[in-house]
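To find a chain, count down the sequence lines: A is the first, B the second, and so on, and within it residues start at 1. All figures in this text were calculated on a predicted structure; none of them were measured in a lab. In what follows, every heavy atom counts, from backbone to side chain, and hydrogens, waters and symmetry copies are set aside.
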Number of protein chains: 2
Amino acid sequence: MPRIAYVDGAYVPLREAAVSIEDRGLQFADSVYEVAVALNGRLFDWAGHLARLRRSLAELSIAEPMGPSALDLVARKLLAKNRAREAILYLQVTRGAARRDHGFPPNARPTLVMTVRPFDMSIRARQQATGIKVVTQPEQRWARRDIKTTSLLPNVLAKQAARQAGAFEAWMVEDGTITEGASTNAWIVESDGTLVTHPADHNILAGVMRGTLIRLACADGFKVEERAFSLQQASAAAEAFITSTTAPCLGVVSVNGRPVGKGAVGPVTLRLGRLLWGEIERQTGYRPATIG
Amino acid sequence: MPRIAYVDGAYVPLREAAVSIEDRGLQFADSVYEVAVALNGRLFDWAGHLARLRRSLAELSIAEPMGPSALDLVARKLLAKNRAREAILYLQVTRGAARRDHGFPPNARPTLVMTVRPFDMSIRARQQATGIKVVTQPEQRWARRDIKTTSLLPNVLAKQAARQAGAFEAWMVEDGTITEGASTNAWIVESDGTLVTHPADHNILAGVMRGTLIRLACADGFKVEERAFSLQQASAAAEAFITSTTAPCLGVVSVNGRPVGKGAVGPVTLRLGRLLWGEIERQTGYRPATIG
C-alpha cells in the first residue's frame, strides 16, 4: 500500500506530496512541527502535542491552520488511510507560501503537512535493557529552543556527530551545562535517587514525554528537580537517561566513552521506564513483548 | 509571461514549482542559499556568490548539486527564460529528500532550486539620498552565522520587529556588540573617516557586497577596520550605513529613533555608494537614473 500524506486539505501519495518552493518553511525555516506516536491505533499524549503546537504557533504569530479538533480529525483519518496501528505521526505548519521577503507576508495562509510512517515501538522497549551511548557537542542553537521550530540544522549536525562517534545521542553543552539532546531531553539520577533535568526555560524544548515522566515520577514518590546540571555532575551521577516521544526512557551507559554510574542501565531508569510503558498501555492499550 | 523556476533539472512555471514534503530543507532547514542581482542581464559579483555557496555546502558536508560552470549555465538560462534584465536570482541547495531522521541520510541527492524575479535596483539608488532607519534587536541566532543557511527564523523575527517599528532593518546586539543586520551587514564611520565593520568570523555572514566595499574603499584610500563595535559607538559615530547584495550602500539616519551623526546620510556614505554603483556599472554596464 502506498503511504498517504496530508498537504493543505488533500490526502495524496507521499511520493507526490509537495510544497511550493516559495513556502516559507523551505526558504526561512519559518515553521513549527510536532512528532507523536500512534500505538494500537491511538495517539499517545496527543493533547500535550496539540497544546504545544498551539503555543509554538502563537509564539511566532503563525495562524492556526485549523482548530485542535479538526487537526485531530485529519490525524485520525490519515492514520486510517495508512492503516497504521504503530506509527510516527509528523505534523508541520509553516507560515505559508509567499514572495520571498524576510518580514511576515501580509496574506499568506499557513501550510499544513502531515505524514504517517510505520514505527515498531517495541525496539525501544528492547533498548531499555542495553541502554545507549551519548557524546557531548557544543550548544550551537538559537536563543528560543522552547519553540518547536524546524530551525533544526544545529540538531542535525549534533546528531550526525553522535552517529559518527558511534553514539545514539549528542548532549549539547553550553557554559558547562548540559541543556538537552539533539532530539531528546537529558536527565540524571543523583545518588540519593533525586531526578534532575534542565528547567523548561528558553534553553530547551519542553518534551511532552519529559512532562509525562515528571508527573508519573512525582506520583510514584520520586523527588524531581528541574535545574541545570553540568557534564561533571552527569559523569558523577548514579544513573543518566534520555526521554522523547519516540524513545520514552533510555538509560545512558556512557558519556564521551566514560561510563555513567556502573556503566549499565540502572534500577531507577528501569523503574521509570516501567512507569512510562505503563502509562502508554493505560492510554493506548499497547504493550510491547519485552520491557527491559 | 509566467515566471519560470528551476527545480532539480527542470524549468517549470513558478506556481507549479515544488519540492517533496520530505525535503530536508523543509523539515530541518538543512540547506543553504544565495541571492544575487542581475543588472543589464549580467550577474553582479557572481563569482563571489558561487564561491560562498561552495563554502557553505562544504561546511555542512552537503554535496554540490553541480559544478560552478553548470550552475552558471542554469542561472543564465533561467534569466533568459524569464526575459529578466534587472532581477533577483535566488538559489537554494538542500541536502535532499529522505525519510525524516536527524542524521545525514546515506543516499540523498541534493535538491537545487533557482528562481528569478524582476527587481528595480534603481529604487536603492533613490534611497541613498534619504537613508534608512534601524532598530536594535537581541541577537538570537545560532553559533554559525558565517554559513549562509536557511535557518533564518531569527532573522525573520528581527526583520518583522523592524518593520513594526517603522524601520528598514534590525541590527542584532550580542553582549553589547552589533553583529549585523537581519539581512545586511552593519558599518560605522568614525570621526576620523575610518570605516568599521564586524570581523568576518562565525558571528556574522561575510556579505559579498561587504567584501566588495572593503576592496573598493581601501583602493580609494579609506582606512577599513574589521572589528566589533558597540551600540554606543554606533550612536556616537559620524555616519553609519548598511550593505547587502540588493541594497548596496544605504545610510543609517537613526538607530532606535536617535539620530546617527547629523541625522542625515553623510558624505562618506555617499562617496562609498558612488564607488559601489561605479563597480556595478563596470561589471554590468547598469547605471540607475539617479544616484543619491
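Taking chain A as the reference chain and counting heavy-atom pairs below 4.5 Å, the highest number among B:Asn155, B:Asp101, B:Ile147 is found for B:Asp101. Interface check for chain A: of the options B:Arg99, B:Glu22, B:Gln92, the most heavy-atom pairs under 4.5 Å are formed by B:Arg99. If you tally non-hydrogen atom pairs under 4.5 Å between each of B:Ile88, B:Asp30, B:Asp23 and chain A, the highest count goes to B:Asp30. Ranked by heavy-atom pairs under 4.5 Å with chain A, the list B:Ala97, B:Ala162, B:Pro154 is led by B:Pro154.
Residues B:Leu157 and A:Arg144 form no side-chain contact, since every pair of their non-hydrogen atoms from C-beta on lies 4.5 Å or further apart. In this structure the side chain of A:Leu153 never reaches within 4.5 angstrom of the side chain of B:Thr150, judged on heavy atoms.
Within the 4.5 angstrom heavy-atom criterion, only backbone atoms of B:Arg141 (N, CA, C, O) approach chain A. Within the 4.5 angstrom heavy-atom criterion, only side-chain atoms of A:Val7, from C-beta onward, approach chain B. In this structure, the portion of A:Ala5 lying under 4.5 Å from any heavy atom of chain B is its side chain and not its backbone. Contact annotation for B:Val19: both backbone and side-chain heavy atoms come within less than 4.5 Å of a heavy atom of chain A. For A:Arg15, no part lies under 4.5 angstrom from a heavy atom of chain B. Contact annotation for B:Thr94: only side-chain heavy atoms (C-beta onward) come within less than 4.5 Å of a heavy atom of chain A. Only the side chain of A:Thr115 comes within less than 4.5 Å of a heavy atom of chain B; its backbone N, CA, C and O stay farther away. Within the 4.5 angstrom heavy-atom criterion, only side-chain atoms of A:Thr149, from C-beta onward, approach chain B. The part of B:Val113 that comes within reach of chain A is its side chain, from C-beta onward, which places non-hydrogen atoms under 4.5 angstrom from that chain.
Under a 3.5 Å cut-off, the side chain of B:Gln160 and the backbone N or O of A:Phe104 do form a donor-acceptor pair.
In terms of the ring-ring contact (aromatic ring centres under 6.0 Å, His included) criterion, residue partners of B:Tyr33 (sequence neighbours excluded) are, by chain and number, B:Tyr90. A search for side-chain contact (heavy atoms from CB on, under 4.5 Å) contacts involving B:Ala84 returns B:Leu79, B:Asn82, B:Ala87, B:Val116, not counting sequence neighbours.
Across A:Ala29 and B:Ser151, no two heavy atoms sit closer than the pair CB-CA, 4.2 Å. The heavy-atom pair separating A:His102 from B:Ser183 by the smallest distance is CE1-CB, 3.6 Å.
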